[in-house]
Amino acid sequence: MTDLSEKTSYPSSWKKPPLIKRAWLRYLLWFGAAIYLSLAFGTMEVNWDRVAEGIPRGQKFLAAFFPPDFSSRWDSILDGMLESIWMAVIATVAGIALSVPVGLGAARNLAPLPVYLVCRSIVAISRTFPEIILAIFAVKLFGFGPFAGFLALSIATVGFFAKLLAEDIENMDPVQAEAIRSTGASWLQWINYAVQPQVMPRMIGLSMYRLDINFRESAVVGIVGGGGIGATLLTSFDRYEFDSAAAILIVIIVIVMGLEYLSGYLRKWVQ
Amino acid sequence: MPVLETDKGPVWRRRTTRASLVTWFCYLIGVAIVVYCWELVSERTIWFFVQDAGVQAVDMATRMSPPKWSYMEVLWQPVWDTINIATLGTGIALVFAVPIAFLAAHNTTPHPSVRAFALLIIVSSRSINSLIWALMLVSIIGPGVFAGVIAIALRSIGFCAKLLYESIEEIDTKQVEAITATGAARSQQLSYGIFPQIMPSFAGISVFRWDINIRESTVLGLVGAGGIGIQLDASISTLAWTQVSVILLVILATVLVSEWVSAKIRAAII
């Protein structure tokens with residue numbers, strides 16, 4: 001028997017273990033962060049005089065937002081809002097339709113290597129550029145109006161949706177896929193009966209989420225001429241009609257909240 | 001199991017007649033909505049410009065090549081600014097997002113009315129794009145990097161707080177109960193019972209948002225809020241297309257690097 005009386009003093013206090021266990025790494029990270037912050041603030045050149053000047057102006061500016069004026073520009077707000085919604089809907093649908101083949105090609109367990117690489121680079125490129133840059137080029141190529149916004153949003157949707165679809169396919173249960181395969185199913189039947197049912201519930205949720213994103217983004221593609229509520233918003237800023245701008249922002253927030261509620265409800269219903 | 005009765009006996013099928021009718025009806029409604037939306041959009045499109053797009057694209061591609069690499073010298077400072085906007089903006093956002101998330105999670109909120117208020121902050125910050133925040137901030141605090149930092153921060157608060165409060169709601173209550181049973185005060189419950197549980201997702205969320213913010217901060221310059229967008233806007237409006245292609249390549253490289261970094265960090269955390 002071991003001698004228990006040997007260990008008489010237990011530690012009376014306890015310290016929480018740190019998140020990063022290696023001490024040198026922890027101190028190195030702190031040190032690096034400190035150097036970075038000093039460099040970043042050093043090169044930022046905040047013009048504090050301008051900020052101080054701006055604060056009373058900002059108060060006036062914010063005061064100009066209240067009360068929100070829904071009535072005087074209601075027609076153009078409604079028009080821009082509906083245009084944004086149509087644009088978001090067809091951009092989501094077209095983007096998803098395009099992203100299904102890309103997503104299938106970007107899943108390593110379905111596609112051969114050359115197809116995989118091509119599809120992955122399509123995804124990488126369309127994910128990289130923010131919607132607004134895509135919109136600038138779409139407007140240059142296709143002219144002003146909702147068509148350009150629709151194209152920009154669809155391309156952005158492809159990057160987002162194809163990537164998540166491919167990841168979901170890569171994580172699917174291979175047992176079911178093999179079971180379908182062993183019945184002698186063709187490739188299309190295999191996709192339809194083995195892959196699609198496994199990824200479908202999550203994809204429906206994600207498509208609602210993307211609709212929500214596309215609607216929010218449609219508010220900015222208008223700033224560069226891509227149609228939708230953004231154009232109305234920019235016009236009201238340019239005319240210094242901040243009360244109308246406040247009304248537009250409130251309507252955007254309400255619609256986004258509604259969409260979020262709807263998508264939560266739909267996701268619960270699907271699962 | 002839904003089967004179809006035929007002369008040769010039952011045949012397996014995927015859905016019952018009723019279920020497949022309902023499915024087709026849903027598809028029909030979906031298609032009808034899409035066709036209707038498409039009609040409305042195509043009404044407002046000038047198809048002449050769209051037909052012209054191929055010619056325009058070739059024209060633009062020839063004007064954009066070869067990229068004017070000497071322009072890179074001017075771009076280092078804006079790239080540094082862009083990274084700073086994203087990083088500092090994410091940092092400021094996290095400082096505000098943590099308390100808001102605790103107020104918004106239904107298991108840590110002091111009162112339901114406080115929770116409603118916190119949720120309102122989250123939704124308003126999330127619904128308004130950082131470009132619109134920047135548009136407003138530029139007229140309040142003047143153009144420059146600082147407006148960009150604040151715009152990114154305002155936009156990120158909602159995003160981070162939403163993901164964070166969802167992970168607070170999903171914590172294991174037993175650990176908190178154990179801490180409470182030792183007689184811990186409310187603040188000790190937070191720091192010993194809840195914080196260690198949400199720490200990994202907190203780190204994951206901040207890296208994820210940083211990655212998104214790099215992407216968003218590249219365009220803030222379009223409205224004057226600093227970063228590489230200023231050069232992009234200037235080059236497009238002076239029709240200096242060879243500079244535009246350099247800028248686009250730089251943005252591509254920056255985003256790919258940031259994505260790689262964030263993937264590495266997330267892999268290290270999880």
Side-chain angles (χ1 to χ4, degrees), chain A residues 16 19 36-37 39-41 43-47 50-51 53-55 57-58 61-62 82-83 85-87 89-90 93-94 124-125 127-130 132-133 136-137 140-148 150 193 216-217 219-220 223-224 227 230 233-234 237 245 249 252-253 255-257 260, chain B residues 14 30 33-34 36-38 40-42 44-50 52-54 56-57 60 77 80-81 83-84 87-88 91 123-124 126-129 131-132 135-137 139-142 144-146 149 191-192 196 199-200 203 215-216 218-219 222-223 232 236 248 251-252 255-256 259:
Chain A
K16 201 159 62 167
L19 183 71
Y36 171 74
L37 279 182
L39 274 179
F41 279 110
T43 53
M44 205 159 70
E45 288 176 26
V46 182
N47 187 351
R50 174 68 179 80
V51 175
E53 239 176 73
I55 284 171
R57 216 184 295 168
F61 183 74
L62 287 180
L82 289 175
E83 196 171 272
I85 294 175
W86 309 329
M87 216 161 78
V89 168
I90 58 167
V93 171
I125 290 174
R127 261 169 63 77
T128 303
F129 293 111
I132 191 122
I133 292 186
I136 291 175
F137 282 92
K140 292 255 180 244
L141 294 180
F142 297 95
F144 290 93
F147 189 77
F150 151 68
Y193 289 91
R216 261 180 281 166
E217 292 297 331
V220 291
I223 292 178
V224 294
L233 185 65
L234 191 69
F237 267 110
L249 293 178
I252 293 178
I253 293 174
I255 292 183
V256 169
M257 270 173 99
E260 209 156 273
Chain B
R14 200 164 165 188
I33 291 175
V34 171
Y36 177 67
C37 291
W38 174 251
L40 293 170
V41 168
S42 77
R44 295 194 183 182
T45 307
I46 304 167
W47 287 103
F48 175 71
F49 285 147
V50 177
D52 196 32
Q56 292 284 339
M60 199 191 278
Q77 174 72 30
W80 170 247
D81 283 344
I83 296 171
N84 284 342
T87 315
L88 298 178
V123 170
S124 352
R126 264 161 52 77
S127 321
I128 298 174
N129 199 289
L131 210 61
I132 297 174
L135 199 66
M136 294 198 262
L137 284 164
S139 45
I140 295 178
I141 55 179
V145 175
F146 190 54
V149 172
S191 65
Y192 292 95
M199 219 41 205
R215 216 164 292 184
E216 294 204 341
T218 56
V219 293
L222 294 177
V223 293
L232 181 65
I236 289 180
L248 291 182
I251 292 178
L252 187 73
V255 172
L256 288 180
E259 203 157 275

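None of the values given here were measured: they were computed from a predicted structure. The basis for the numbers below is simple: all heavy atoms, side chains too, and nothing from hydrogens, waters or symmetry mates.
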Does the side chain to side chain contact (heavy atoms under 4.5 Å, CB included) test come out yes or no for A:Val220 and B:Val219, once each step is laid out? CA-CA 11 Å; A:Val220 291; B:Val219 293; over 6 Å; no
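Comparing B:Asp81, B:Leu248, B:Leu135 by heavy-atom pairs within less than 4.5 Å of chain A, the highest count is held by B:Leu248.
Contact check for B:Trp38 versus A:Val93: no side-chain heavy atoms found under the 4.5 Å cut-off. The side-chain heavy atoms of B:Leu222 and A:Ile136, taken from C-beta on, include a pair separated by under 4.5 Å.
Interatomic distance, A:Ile132 CD1 to B:Thr218 OG1, rounded to the nearest 0.5 Å: 10.0 Å. With values rounded to the nearest 0.5 angstrom, B:Ser127 atom OG is found 8.0 Å from A:Ile252 atom CD1. Within the model, atoms CG of A:Leu233 and CG of B:Asn129 stand 10.5 Å from one another, a figure rounded to the nearest 0.5 Å. To the nearest 0.5 Å, atom CD1 of residue A:Ile125 and atom CG of residue B:Leu252 are 6.5 Å apart. With rounding to the nearest 0.5 angstrom, the CG atom of A:Leu234 is 9.5 Å from the CG atom of B:Leu131.
Proximity to chain B (any heavy atom under 4.5 Å) is shown, for A:Leu82, by neither the backbone nor the side chain. In this structure, chain B has no heavy atom under 4.5 Å from any part of A:Ile85. For a residue to count as touching a neighbouring chain, one of its non-hydrogen atoms must lie under 4.5 Å from one of that chain's; by this rule B:Ser124 touches chain A with backbone and side chain alike. Both the backbone and the side chain of A:Phe147 come within less than 4.5 Å of a heavy atom in chain B. If you measure heavy-atom distances from A:Leu37 to chain B, the contacts under 4.5 Å come from the side chain alone. Of the atoms belonging to B:Leu232, it is side-chain heavy atoms, and not backbone ones, that fall under 4.5 Å from chain A.
Residue A:Tyr36 places its OH atom among more than 12 non-hydrogen atoms of other residues, nucleotides or ligands, all under 6.0 Å distant. In this structure, B:Met60 places its CE atom where more than 12 heavy-atom neighbours from other residues, nucleotides or ligands lie under 6.0 Å away.
The nearest pair of heavy atoms linking B:Arg215 to A:Arg127 is NH1-O, 3.0 Å.
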